[in-house]
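Below is one structure, written out as structure tokens; comments come after it.
These numbers were taken from a predicted model, which means no experiment stands behind them.
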Amino acid sequence: MWLVELGPWITAISFVFAVTTAVAAVFGLPRLLARIPPDYFVAEQPPEAMRTRVLRNIVGWPLLIIGLVLIPLPGQGLLTTLAGLALADVPGKRPLALFLLRRGPVRRAVDKMRSLHGKGPLLLQ
């Protein structure tokens, strides 16, 4: 059976994926959330250059997918999903991001991460 033969490889790849996402969540996510302007969810955002939109989507979509995978697992799935939503061009992202941010634990975690970087809390509509 080919699946049994691939068992050690699947285990190794899963381990590398878990460690990589954990390191990215611990070190990258707080910095990413601190870069969001406080009025991001209140003010209309100015149009961006195409290069900036492409780069934001290159970073945002993997974060969104990883965050969705991490939601049922222990870790920072909701925060990673929120960061991916903030970056990626996703239809309906603003209402979904606001829905997540209005949850008490998520809001407290985001505000704490922002305060560790000297940033104020996010303003919500």
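- We find the CG-CZ distance between Asp89 and Arg53 to be 4.5 Å, quoted to the nearest 0.5 Å.
- For the atom pair Leu32 CG and His117 NE2, the distance stands at 10.0 Å (nearest 0.5 Å).
- For the pair Arg31 (side chain) and Phe27 (backbone), a donor-acceptor distance under 3.5 Å is present.
- More than 12 heavy atoms of other residues, nucleotides or ligands shown are found within 6.0 angstrom of CZ on Arg102.
- Within the 4.5 Å cutoff, side-chain heavy atoms of Trp61 are placed close to those of Val90.
- Within the model, atoms CZ of Arg94 and CG of Leu101 stand 11.0 Å from one another, a figure rounded to the nearest 0.5 Å.
- Asn57 CG to Leu64 CG: the interatomic distance, rounded to the nearest 0.5 Å, is 10.5 Å.
- In plain terms, the two heavy atoms of Ala88 and Gly60 that are nearest each other are CB-C, 3.9 Å.
- Contact of the Thr80 side chain with the Leu68 side chain is not registered, since no non-hydrogen atoms from C-beta on lie closer than 4.5 Å.
- The hydrophobic clustering, which links ILVMFWY residues whose side-chain heavy atoms are closer than 4.5 Å, places Phe99 and Val42 apart.
- Between Leu98 atom CG and Leu85 atom CG the span is 10.5 Å, to the nearest 0.5 Å.
- A side-chain donor-acceptor contact under 3.5 Å links Thr81 to the backbone of Gly67.
- Using modelled atom types, one side-chain atom of Arg107 and one backbone atom of Leu122 make a donor-acceptor pair closer than 3.5 Å.
- Within the 4.5 Å cutoff, the side chain of Lys119 has no heavy atoms near those of the Pro38 side chain.
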